[in-house]
Amino acid sequence: MTKKQKKLLTKIIVSGILFVGGFIVPYEWVSLLLFVAAYLTVGYSVIIKAVKNIRQGQVFDENFLMLVATLGAFALREYSEAVAVMLFYQVGELFESIAVGRSRKSVSELINIVPEYANIMVDGELTQVMPEEVEVGDIIIVRTGEKIAIDGIIVSGQTVIESSALTGESVPTEAAVGDEVLSGCINLGSTIEIRTTKEFEDSTASKIMYLVEEASSRKAKTESFITKFARKYTPCVVIAAAVIALVPSIITGDWATWVSRALLFLVVSCPCALVISVPLTFFCSIGRASASGILIKGSNFLELAAKAEVAVFDKTGTLTEGRFEVAEIKTYGVAENELKYYLALAESYVDHPIARCIAQLSNEGKDHDEVTDVKQLPGFGVSAVINGKTLLAGNEALMERNNIEYVKSESELTVVYAAVDGQFVGYVTVADRVKDRAEKAIFRLRKNGIKKTVMLTGDKEKIGRYVADKTGIDEFYAELLPDQKVERLCEIRQNGQSVIFVGDGLNDAPVLTEADIGIAMGALGSDAAIEAADIVIMDDDIEKVALTVEISRKTLRIVRQNIIFALGIKFAIMLLGIFGFANMWMAVFADVGVSVIAILNALRCGGR
Ligand code: ADP
Ligand code: MG
């Protein structure tokens, strides 16, 4: 319990004793005195808050409702009821505050990836400093069990690193001198020294933390609806209560009955069950997702994902591993080494899964030969000028576009053709593997309301068909250029269905932005992907796309349950109250009890 909560608990106990005293003492005025004391002990803070809010022009809030209701009860000489309403209201508040506090804590623990300190050497001694003080290029020391504070490259030591706080997966990886390590990861092995490559603020952990903090400011529609609803609803309720108090009283002359019914109405109507539980549900879900390495940039995306009907996937790196291996090399009129040399040199400048594989074909010339005019041709390949000769490397379309006479490969695999100064010199075929979990992911998506799955690829028709068959994807479109992928997506969106696009964020950022919900996979360490996407999956586990949809649907389900439950109970007791069938105790349940139940329900979103 926090200090504040302890203080509230003390107040409740003191007030409770005074309250019981008020019942026991036989003298009426002493009893009244005790009730007033009990009331003030526990209601003082509510009165202050209500007065403060009225001064600021916010008249109609829950504090105001409680104040009017209890003062009214006093006026009707229902002293014990007045105290009880305030007392139980505060018991409810205490309960809420503990529940909210607990979930906040679990969320912040889950995303507690930002290190509090970094170790540096000062005059030969290990010193702890604030991570903000470390500059780019400084050496930080990370001992066993410590969190890496800043992104950097290992300059000494060899260790095992766990990135579960970022990715949700606890598979440790080995790291040695020269390897890049990210902040937020934990050093499980021996002490390492890292040369930082970024400022603390630009490091992975800080960036992710910032995103999570920002997330709650992007409200879901339901969330902002509830806020607006509460703002309009409270004045309406107050007016309704006034009408209930005045009109029948004037007609029947029975003021006591109708004023007390109006007060009861006011107590029931308090909207806090919704105002607190709805945002809390979204909050817990975002926390739950980040514990699995899924960053959701705002509650609005949770809501959209829950309603999505179509899921569109990029192929390479999303449905497939994106780790290509060379299968065959065929040359025409040049030595194999020469072909490898040209291809590797050009591709070493490109950030593409195919390029990463081909760049490893040869190490010759990487340091001394001249490479200029490297152009990545999205959807086609790459062109570069190497020692004055123009190299083109890419697919059939690239060869055809440049009017190069080439020998078409019969291979089922992805083929990279090469031409030097307009002369075809050979090709390399590369193979990628469909992700093991892709089929399961598609299956789970379908179970969770996704009606159609589509794959977009720049690769050949044959490969597209193979991957679509293997994963169970409904439709696929092959041989698309990046801008044609955007066009396809727009066409799919035109049916009015809400569309998720899942890609790697490398060359599909425009598509990510165009979709209703853009999900980037394998984004750990890729700033571009994290920027472009609405939802970021840190590792490349494709089943997490399904998990994302599952979490979002559960969130919306709980939100709906709470809205229906809270409004239902309140409405029922309001009606009973107007016709005289409810008492103050039922009203207190409809207010505080309902809030507590709604909050407990919201907390279900936090669990795995
Ligand atoms: P995907 O849609 O599968 O992610 P891309 O749009 O990235 O594929 O690329 C489409 C095609 O363009 C690839 O299948 C390949 O044939 C060719 N290509 C793209 N980039 C390169 C490159 N750097 N080197 C060789 N070929 C490339
Ligand atoms: Mg791609």
Side-chain angles (χ1 to χ4, degrees), residues 1 5 8-9 11-13 15-16 19-20 38-39 41-43 45-46 49-50 61-70 72-73 78 80-103 226 229-230 233-234 237-238 240-241 260-281 283-284 557-606:
M1 252 195 238
Q5 287 164 351
L8 186 53
L9 180 65
K11 277 192 207 165
I12 289 171
I13 293 173
S15 170
F19 181 56
V20 173
Y39 177 81
T41 312
V42 91
S45 56
V46 175
K49 264 187 243 162
D61 68 346
E62 48 173 347
N63 297 300
F64 177 76
L65 289 182
M66 292 322 286
L67 188 61
V68 175
T70 50
E78 294 185 4
S80 60
E81 279 86 343
V83 180
V85 167
M86 200 52 102
L87 190 58
F88 281 94
Y89 172 72
Q90 292 289 41
V91 172
E93 286 284 291
L94 178 65
F95 209 96
E96 270 170 23
S97 136
I98 293 173
V100 171
R102 192 167 291 164
S103 90
I226 290 294
F229 174 75
Y233 163 91
T234 315
V237 165
V238 173
S260 80
R261 284 181 192 179
L263 292 174
L264 193 138
F265 183 85
L266 272 186
V267 174
V268 180
S269 64
C270 210
C272 25
L274 296 179
V275 174
I276 295 171
S277 80
V278 171
L280 184 65
T281 313
F283 183 67
C284 286
R557 202 159 58 231
I558 290 180
V559 164
R560 282 202 197 107
Q561 280 167 3
N562 278 349
I563 292 178
I564 292 171
F565 167 72
L567 291 184
I569 298 260
K570 279 175 191 285
F571 193 64
I573 294 188
M574 275 184 196
L575 270 186
L576 289 178
I578 292 173
F579 295 109
F581 296 115
N583 57 29
M584 221 21 144
W585 304 105
M586 288 162 81
V588 172
F589 170 75
D591 174 28
V592 200
V594 166
S595 294
V596 171
I597 293 170
I599 285 169
L600 291 178
N601 197 23
L603 292 185
R604 290 199 300 135
C605 267

Visitor: Quick one: list whatever passes side-chain hydrogen bond (donor to acceptor under 3.5 Å, both in side chains) with E93, sequence neighbours left out.
Guide: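 For E93, no residue satisfies side-chain hydrogen bond (donor to acceptor under 3.5 Å, both in side chains) once neighbours in sequence are set aside.
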Visitor: Heavy-atom distance under 4.5 Å between the side chains of L274 and F565, does that happen here?
Guide: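 A side-chain contact is absent here, since even the closest heavy-atom pair is not under 4.5 Å.
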Visitor: Run the ring-ring contact (aromatic ring centres under 6.0 Å, His included) test against Y233 and tell me which residues pass, sequence neighbours left out.
Guide: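 Testing Y233 for ring-ring contact (aromatic ring centres under 6.0 Å, His included), a comparison that skips the adjacent residues, returns F229.
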Visitor: I need the M586 CE to N583 CG distance, nearest 0.5 Å.
Guide: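 That separation rounds to 6.0 Å.
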Visitor: With the side chain counted from C-beta on, respond yes when I578 and R261 share a heavy-atom pair under 4.5 Å apart, and no when they do not.
Guide: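 Side chain of I578 against side chain of R261, heavy atoms only: no contact under 4.5 Å found.
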Visitor: Got a second to check how far M574's CE is from L264's CG, nearest 0.5 Å?
Guide: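 Between atom CE of M574 and atom CG of L264 there are 10.0 Å.
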Visitor: Determine, step by step, whether R604 and R557 satisfy the side chain to side chain contact (heavy atoms under 4.5 Å, CB included) criterion, reporting the C-alpha distance in whole Å, the side-chain angles of both residues, the deciding distance to 0.1 Å, and the verdict.
Guide: CA-CA 11 Å; R604 290 199 300 135; R557 202 159 58 231; over 6 Å; no
Visitor: Identify the heavy atoms of K570 and D591 that sit nearest to each other, and give their distance.
Guide: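 For K570 and D591, the tightest heavy-atom pair comes out as NZ-CA, 3.8 Å.
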Visitor: Rounded at 0.5 Å granularity, tell me how far OG1 in T70 sits from CG in L87.
Guide: 12.0 Å
Visitor: Are the side chain of S277 and the backbone of I599 linked by a donor-acceptor contact shorter than 3.5 Å?
Guide: no
Visitor: Locate the shortest heavy-atom distance separating L280 from A602; write the atom from each residue and the value.
Guide: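 Closest approach of L280 to A602, heavy atoms only: CD2-CB, 4.1 Å.
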Visitor: How far does CG of L600 sit from OG of S595, to the nearest 0.5 angstrom?
Guide: 10.5 Å
Visitor: Can you see which heavy atom on C284 is nearest to which on L603, and at what distance?
Guide: SG-CD2, 3.9 Å
Visitor: Enter the distance from S45:OG to N63:CG here, rounded to the nearest 0.5 Å.
Guide: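 Reported to 0.5 Å precision, the distance equals 8.0 Å.
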Visitor: If you look at every heavy atom in C605 and I558, which pair is closest and at what distance?
Guide: SG-CD1, 3.6 Å
Visitor: Of all heavy-atom pairs between S260 and E78, which one has the smallest distance, and what is that distance?
Guide: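 The answer is CB-OE2, 4.0 Å.
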Visitor: Quick one: does any side-chain atom of Q90 pair with a main-chain N or O of V42 as donor and acceptor, under 3.5 Å?
Guide: yes
Visitor: Please report the closest heavy-atom contact between F265 and V237, naming both atoms and the distance.
Guide: CE2-O, 3.7 Å
Visitor: Can you find a pair of side-chain heavy atoms, one from V267 and one from Y89, that are under 4.5 Å apart?
Guide: no
Visitor: Are the side chains of I226 and I563 in touch, meaning some heavy atoms are under 4.5 Å apart?
Guide: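 Sidechains of I563 and I226: in contact.
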Visitor: To the nearest 0.5 Å, what is the distance between CD1 (I12) and CG (L94)?
Guide: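 Spacing of CD1 (I12) from CG (L94) equals 5.0 Å.
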Visitor: For A84, give me all partners under side-chain contact (heavy atoms from CB on, under 4.5 Å), at least two apart in sequence or on another chain.
Guide: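 Applying side-chain contact (heavy atoms from CB on, under 4.5 Å) to A84 gives F19, F88, W585.
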